[in-house]
Each structure stands twice: as structure tokens, then as C-alpha cells.
There are 2 protein chains.
Amino acid sequence: MNDLSTRKIAELAEAVAWRRAATEMAATTTSDEGALELVELFFFAYRDFVGDADRLLENYGFGRAHHRVLHFVSRRPGLAIAGLLEILRITKQSLNRVLKQLLEAGFVEAREGVLDRRQRLLYPTPQGAKLARDLAALQTARFLKVMDELPPAARGAASEFLFAMIDYDERERVRAHLACAKAAGAAP
Amino acid sequence: MNDLSTRKIAELAEAVAWRRAATEMAATTTSDEGALELVELFFFAYRDFVGDADRLLENYGFGRAHHRVLHFVSRRPGLAIAGLLEILRITKQSLNRVLKQLLEAGFVEAREGVLDRRQRLLYPTPQGAKLARDLAALQTARFLKVMDELPPAARGAASEFLFAMIDYDERERVRAHLACAKAAGAAP
DNA sequence: TATTTACGTCAACTATATTGACATAAATCT
DNA sequence: AGATTTATGTCAATATAGTTGACGTAAATA
């Protein structure tokens with residue numbers, strides 16, 4: 001039995017133990033105390049979730065802002081500036097500094113819009129696509145591991161749960177974004 | 001039929017529609033494409049989750065950093081500086097600026113440790129406790145609403161899912177923190 | 001032709017974090 | 001008792017990510 005399987009067993013035991021605890025407090029999950037636990041779990045989960053990528057980005061001299069831009073450009077190639085601003089909810093001035101660095105470093109390229117020549121449509125370069133894949137791999141790995149730990153019945157629930165956490169008014173936009181990204185991802 | 005119930009029905013329909021979509025792609029949830037969707041849903045969910053509190057904090061001239069400090073001090077009264085630094089994963093210099101403002105504004109107070117007089121144990125003032133409650137109410141309201149939208153079977157799954165998202169090495173610490181906070185919350 | 005839209009840019013500013021160096025008082029080890 | 005470690009505070013310089021406001025330009029549109 002190697003370290004990996006020992007670790008694996010420990011993690012599964014971990015998951016089982018937590019599942020028991022979660023079940024026990026299932027009744028209180030809809031209470032304030034249960035909800036407060038969720039608030040903190042969400043904080044810790046997000047902290048660790050972005051931590052993986054942060055470490056990789058350091059090697060490139062990039063930060064989280066670069067990651068977000070690269071990610072969404074890669075997932076939705078041909079995205080215009082305005083679309084990116086809407087997703088990221090930052091000002092164009094703030095985006096510009098980060099985007100300029102990604103353009104200069106050759107991770108993203110901008111092409112003139114065909115329908116509307118004022119637009120600058122953003123695409124990842126091969127180098128950018130590679131980094132985006134590497135970053136995404138870290139994060140999807142975490143999710144795939146989580147799905148592996150969770151009982152099958154709870155797997156679909158994660159997606160439902162996260163979607164329900166999004167502002168009601170934003171859901172349509174997010175759904176459209178995901179559909180677009182899916183289509184773009186299926187193409188190559 | 002008032003606006004509220006119309007909205008409520010729309011949201012439930014929303015939830016049902018998404019549940020169908022989530023179930024359809026349940027098979028792909030363990031695939032890379034499904035995991036990529038989760039990555040983005042997590043981003044959007046967190047963005048909206050912190051957005052609520054941000055708006056309230058503006059009225060006080062505080063930011064997210066203040067929120068985090070106030071939150072953890074309120075949830076774990078008597079927390080020492082070192083404990084806070086470990087939870088927030090920031091440097092003491094960074095904490096100090098924010099903490100100083102909270103102390104001066106009378107939202108947090110520090111008492112000399114009884115067992116170890118070098119420690120400064122942090123407590124919320126009544127005013128601080130009130131703000132912490134108001135902020136927490138916004139966030140727990142979102143979770144309670146989500147739990148209401150979700151089918152009962154998926155409710156416990158949210159907690160399991162978030163816990164599984166946390167770094168393995170951090171889980172014990174988080175569990176201890178939650179237990180401690182729960183005990184502190186039960187006392188008064 | 002007039003207006004709006006999509007974008008770029010300069011400037012000043014804020015918030016949140018970092019590293020590094022140094023200080024102090026209390027606890028603890030030898 | 002003296003040396004060391006620990007918990008904390010503080011000064012300074014710097015980085016990153018964001019903001020508001022003002023102004024410019026080219027292309028689309030009314």
C-alpha cells in the first residue's frame with residue numbers, strides 16, 4: 001500500500017465522517033446556525049479554490065486579474081471588450097492595464113470585429129490557450145476529486161446549488177454564457 | 001397575486017428548469033466540460049455572494065477586509081491576533097491597518113489575555129456585533145433562499161460539497177473553527 | 001448630418017495586500 | 001537568573017487591483 005492509496009483512504013474516511021456530521025445537522029441546515037456554517041465553508045472553499053491557480057500564475061508574473069481575463073477569453077473566444085467588462089464587473093480602465101499586459105506578453109490577441117469594426121474581439125494565442133488549460137486543469141481537478149469523494153446523488157446537487165447562489169437577475173446571462181462557452185469548447 | 005409570489009413562482013420555475021438541465025448533464029458533471037462549468041458557476045456564485053455585503057459595508061466606509069475581520073471576531077469572540085491571521089492568511093501588517101480602524105471606530109475591542117498577557121483577545125462591541133449580524137443576515141438569507149429552492153435531498157449536499165472543496169490539510173482546522181464558533185454562538 | 005456606441009488613454013486616488021527590518025514585553029527554557 | 005522564543009506592534013517601501021473623472025477617436029446608426 002503506497003502513500004497515495006493511504007491518503008486516498010484517509011480522504012474518503014474524511015468525506016464519510018463529514019457526511020455523517022452533515023446529515024446530523026441536516027435539520028439545522030435550514031436554520032441560521034446552519035446557514036452561518038455555509039457562509040464560512042463558502043469562504044474557505046473559495047480561498048483554497050483560487051489558491052491553486054495563484055501559485056501557478058506567479059511563475060508568469062501574472063495575478064488573479066490576468067487569470068480571469070485569460071480564462072474567459074479562452075472559454076469564449078471572440079469575446080468583445082464590453083462582454084468581458086460585463087462578466088468581470090470592473091471598469092474598462094482596470095481591465096485595460098491587465099489586458100495590455102496579456103496582449104504584450106502574447107497570451108491574448110485582439111482582432112478587429114467583422115460585423116462591427118469598432119469592436120476588438122479577443123482570442124487566446126496558442127501560448128495563452130495552453131496556460132488557460134493548465135490553470136483550468138488545476139481547478140477542474142479539484143472539482144473532479146470532490147465529485148469522486150461525494151456520493152453520486154450529491155454530484156448533480158453541486159451544480160444546482162451553485163447556480164441557485166447566483167443573483168436571480170444574473171442567471172439568464174450566466175446560462176447564456178455557459179451555453180456559448182460549451183459550444184466554443186465543443187468546436188475544436 | 002402580488003409581485004412577491006409572482007417572483008417566487010418564477011424563481012421556483014427557474015430552479016426546476018435548471019434542475020432538469022443539471023440532471024441532463026449529470027453524466028458530464030464528472031467530465032472536464034462539466035467541471036469547467038462548475039469552475040465558472042463557482043466564480044459567479046462567489047461574486048454575487050460577497051456583493052450583498054459589499055453594498056452594506058459602503059455605508060460604514062468599510063471594505064471586505066473589515067468584513068472578514070468583524071465576521072470572524074464575532075463568530076469566535078476572544079480570538080487572538082495569531083488565530084485571525086491564520087484564518088485570513090494575511091500578514092500582520094495587513095491585518096493591522098484594518099483592525100486598527102475597527103478598534104478606533106468602536107466595532108471591535110481588544111482585551112489583554114488572561115492566561116498569556118502578551119495576547120490581545122478580540123471581541124466585538126455591541127455595535128460591532130450588530131453590524132456583524134446585519135452582514136451575516138444578508139449572506140445567510142441567500143443560503144436559506146437557496147435551500148428553499150433546492151429539493152430537500154440536495155440540501156445536505158451543499159455543505160458536504162463545500163467542505164470537500166477545502167484543501168485536505170485545512171479541513172481539520174476548519175472543522176475545529178466551526179465547532180468553536182458553534183459553541184460560542186450557542187452560549188448567549 | 002448628428003448622435004450614439006465601442007473603445008483607448010491620461011491622471012489621481014483608494015483598498016488590500018506584500019516584504020523587510022526593528023522594537024517590546026511576556027512567557028518559557030536551561 | 002539569563003537566554004531564547006513567542007505574540008504583537010510599527011515604520012517604510014512596494015505591488016496589485018480596483019475606482020472616478022475627463023477627454024479623444026473611429027465607426028455605426030438615427
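Convention: sequence-line order gives letters A, B, ...; per-chain numbering from 1.
- The distance from atom CG of B/Leu122 to atom C1' of D/dT8 is 11 Å, rounded to the nearest whole Å.
- Listed nucleotides C/dC7, C/dA17, D/dT19 differ in distance to B/Ser94; the shortest reach to its side chain belongs to C/dA17.
- One interatomic measurement links the two molecules: CZ of B/Arg89 to C1' of C/dT18, which rounds to 16 Å at whole-angstrom precision.
- Relative to the side chain of B/Gln119, the nucleotides C/dT16, D/dA17, D/dT8 differ in distance, and D/dT8 lies closest.
- At a threshold of 4.0 angstrom between heavy atoms, the contacts of B/Arg97 include nucleobase atoms, whether or not backbone atoms are also involved.
- Whole-Å rounding puts the B/Leu95 CG to C/dA17 P distance at 9 Å.
- Closest to the side chain of B/Asp116, from the set C/dA27, D/dT8, C/dT18, is C/dA27.
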What nitrogen or oxygen pairs link the protein and nucleotides 20-25 of chain C at under 3.5 Å?
residue : atom : partner : partner atom : Å
C/dG20  : O6   : B/Gln93 : NE2          : 2.8

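- For A/Arg89 and A/Glu170, the salt-bridge test passes: some basic side-chain N is under 4.0 Å from an acidic carboxylate O.
- Taking only side-chain nitrogens and oxygens, B/Asn96 never comes nearer than 4.0 Å to OP1 or OP2 of D/dT8.
- If A/Leu115 and A/Arg64 are placed on DNA chain D by their nearest nucleotide, the residue sitting closer to the 5' end is A/Arg64.
- Between B/Thr91 and the phosphate of C/dT18, there is a side-chain N or O to OP1/OP2 separation shorter than 4.0 Å.
- Atom-to-atom, CG of A/Asp54 to P of C/dA17 comes out at 13 Å; the value is rounded to the nearest Å.
- Mapping B/Ala82 and A/Phe62 onto DNA chain D via the closest heavy atom, the residue that lands nearer the 5' end is B/Ala82.
- If you take CG of A/Leu99 and P of D/dT16, they are 17 Å apart, rounded to a whole angstrom.
- For the pair A/Arg76 and A/Glu86, the salt-bridge criterion is not met [side-chain N within less than 4.0 Å of a carboxylate O].
- Rounded to whole Å, atom C1' of C/dT5 lies 14 Å from atom CD1 of A/Ile81.
- Ring to ring, B/Phe62 and B/Phe107 are close: their centroids are under 6.0 angstrom apart.
- If you measure from atom CD of B/Glu58 to atom C1' of C/dA15, you get 12 Å, rounded to the nearest angstrom.
- A/Gln101 has its CD atom 8 Å from the P atom of D/dA17, to the nearest Å.
- Applying the salt bridge (Lys or Arg N to Asp or Glu O under 4.0 Å) test to residues at least two apart or on different chains, the pairs with a partner in residues 102-113 of chain B are B/Glu109-B/Arg111, B/Glu112-B/Arg117.
- Between A/Arg142 and B/Asp167, at least one side-chain nitrogen of the basic residue sits less than 4.0 Å from a carboxylate oxygen of the acidic one, meeting the salt-bridge criterion.
- Using a 4.0 Å cut-off between charged nitrogen and carboxylate oxygen, A/Glu172 and A/Arg175 count as a salt-bridge pair.
- A salt bridge links A/Arg171 to B/Glu149: one of the charged nitrogens lies within less than 4.0 Å of a carboxylate oxygen.
- Here A/His66 does not reach the OP1 or OP2 of D/dT16: none of its side-chain N or O atoms lies under 4.0 Å away.
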